[in-house]
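Side chains are part of it too, since the values below use all heavy atoms of this structure and drop only hydrogens, waters and symmetry mates.
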Amino acid sequence: MTDHTHADTLRTPIVAVLGHVDHGKTSLLDTIRGSAVSEGEAGAITQHIGATDIPLDTISGMAGELIDPSDFDLPGLLFIDTPGHHSFSTLRARGGALADIAVLVVDVNDGFQPQTEEAIDILRRTGTPFVVAANKVDTTPGWNPQDGEPIQRSMEAQSERAKSMLDENLYEIIGQLSDAGFSADLYWRVQDFQKNIGVVPLSALTGEGVPDLLTVLMGLSQRFMKEEMAIDVTGPGEGTVLEVKDERGFGATVDTVVYDGVIRNGDTVVVGGQDEPIVTEIRALLRPRPLAEIRTEKEFEKVGEIGAAAGVKIAAPDLDQAMAGAPVRVVRDRTVDRVVEEVKAELAEIEVETADN
Ligand code: GDP
């Protein structure tokens, strides 16, 4: 017998990038997007509202020898475009972190800085698995850049002196992770990623080590998050507000990351508001128009529905009081009251967390 009401599918894991200011979060995201696009094929990445989707095929193209795509059945990685621990800590989902996995960027010369410590505390508190990107390896004196190469290849091309200077910095970071209570090692030495944090030396500037980072993220997700990624793609959509924005012609809209189910145009949704949950009906679901078309046409295109994991702009009446970080829930075949109660409960949990900080 076929059960049409339930269709479990593996969704894309949601990835957030954190770290101290100037350690290279924005550059790393730009490089990941840029080198994915230069993989060439159409559909190498999909720009969402507030997020970028990199499909497994593209990751596999970038990672070359590091990845055997047949080892994976997760569809890829969805990177949240706004880096930083502030956005990370406000973005919750059912009491946990919205991001399924995180990249902690640490400047290999600077090591741990105040915001690195803060990010570590948040990752610990939310129990979010993470990898450390030891960034800016190209600034090691005498570095011989190997653009876009896997990091171990690049290391083979370095002088003994450069290699040992880099090693010294990397072990400093591994020591700081250990002081923070995390056992860590260079990622290729890690046997059990549940017990040890992998450190990936890389450069956002030259792209070396970026294939390794994507490989480790894919591997971690596949091995430890597969169960959480199994969702009912036809279920009522659930998401988190990234940002509330006024858009000409639409009024207040909410940029939302959908992490479960499907949101359809016309759905009744409950959105967390400043005073009380907002019950409203979706007038439009908007996505960025492909770059090539933007110049001549409107910035957004309307879609009929959007399934997890994805970023989408929701236009609906009465969204002025919506809050960043608040839950978005599709009502579908439940009662409005029940969903309102769910949203209230989730908001209360967020307030307790915020008061604790
Ligand atoms: P964020 O504040 O963490 O987002 O840091 P940014 O991405 O804005 O980077 C801060 C500065 O470091 C910028 O001037 C970048 O060009 C530079 N930068 C970032 N990554 C690298 C890298 O891998 N190598 C070098 N040499 N510079 C980098």
With the side chain counted from C-beta on, respond yes when P277 and V279 share a heavy-atom pair under 4.5 Å apart, and no when they do not.
no
Any luck finding a side-chain donor-acceptor pair between D337 and T335 under 3.5 Å?
no
Determine whether I231 and Y259 make a side-chain contact, defined as any pair of heavy atoms from C-beta on separated by less than 4.5 Å.
no
Side-chain contact, heavy-atom cut-off 4.5 Å: W188 with Q152?
yes
With a sphere of 6.0 Å drawn around CZ of R223, does it hold more than 12 non-hydrogen atoms of other residues, nucleotides or ligands?
no
With side-chain hydrogen bond (donor to acceptor under 3.5 Å, both in side chains) as the criterion, how do Q47 and T52 come out once you've worked through the C-alpha distance, each side chain's angles and the decisive distance to 0.1 Å?
CA-CA 5 Å; Q47 201 57 53; T52 305; 3.1 Å; yes
Considering only heavy atoms from C-beta outward, does the side chain of L104 approach that of I120 to under 4.5 Å?
yes
Basic-acidic side-chain contact under 4.0 Å: R334, E342:
yes
Should R289 and E299 count as an ion pair when the cut-off is N to O under 4.0 Å?
no
Closer than 4.0 angstrom, basic N to acidic O: yes or no for E238 and R94?
yes
Going through the checks in order, is the ring pair (Phe, Tyr, Trp, His ring centres under 6.0 Å) test met by F130 and F182?
CA-CA 11 Å; F130 66 98; F182 290 96; 5.2 Å; yes
Side-chain donor-acceptor pair under 3.5 Å between K313 and T253, yes or no?
yes
Salt bridge R11-D260, side-chain N to carboxylate O under 4.0 Å
no
Under a 4.0 Å threshold between the charged nitrogen and the carboxylate oxygen, would R287 count as salt-bridged to E301?
no
For residues H48 and I80, determine if any side-chain heavy atom of one lies less than 4.5 Å from a side-chain heavy atom of the other.
no
Under 3.5 Å, side chain of E172 to main-chain N/O of G111, donor-acceptor pair present?
no
Tell me, yes or no, whether the heavy-atom count around E276 atom CD, taken from other residues, nucleotides or ligands under 6.0 Å, exceeds 12.
no
Go through the side-chain N and O atoms of T206 and D138 and say whether any donor and acceptor fall under 3.5 Å apart.
no
Is any NZ, NE, NH1 or NH2 atom of the basic residue among R33 and D81 found under 4.0 Å from an Asp or Glu carboxylate oxygen of the other?
yes
Between OG1 of T128 and CG of D100, what distance do you get to the nearest 0.5 Å?
8.5 Å
D255 and side-chain contact (heavy atoms from CB on, under 4.5 Å): which partner among I49, T82, V241?
I49
How long is the straight-line distance from CG of L98 back to OG1 of T256, given to the nearest 0.5 Å?
10.5 Å
Got a donor-acceptor contact below 3.5 angstrom from the Q321 side chain to the D318 backbone?
no
Backbone of P317 reached by a side-chain donor or acceptor of T280 within 3.5 Å
yes
Could you tell me whether the side chains of S154 and E149 share a donor-acceptor contact shorter than 3.5 Å?
no
I'd like to know if E160 and K163 make a salt bridge, using a cut-off of under 4.0 Å between side-chain N and carboxylate O.
yes
How long is the straight-line distance from CD1 of I45 back to CD1 of I59, given to the nearest 0.5 Å?
11.5 Å
Is it true that a side-chain atom of N135 and a backbone atom of A204 form a donor plus acceptor pair closer than 3.5 Å?
yes
Nearest heavy-atom approach of V244 to D320 is CG1-O, 4.5 Å
Residues R329, E346: salt bridge by 4.0 Å N-O rule
yes
Between V106 and H20, is any pair of side-chain heavy atoms under 4.5 Å apart?
no
Quick one: are Q222 and D73 in side-chain contact, heavy atoms under 4.5 Å?
yes
Does one side chain, of T139 or N109, offer a donor that lies under 3.5 Å from an acceptor on the other?
yes
With distance as the sole test, does D267 use its side chain to make a donor-acceptor pair with the main-chain N or O of V269 at under 3.5 Å?
no
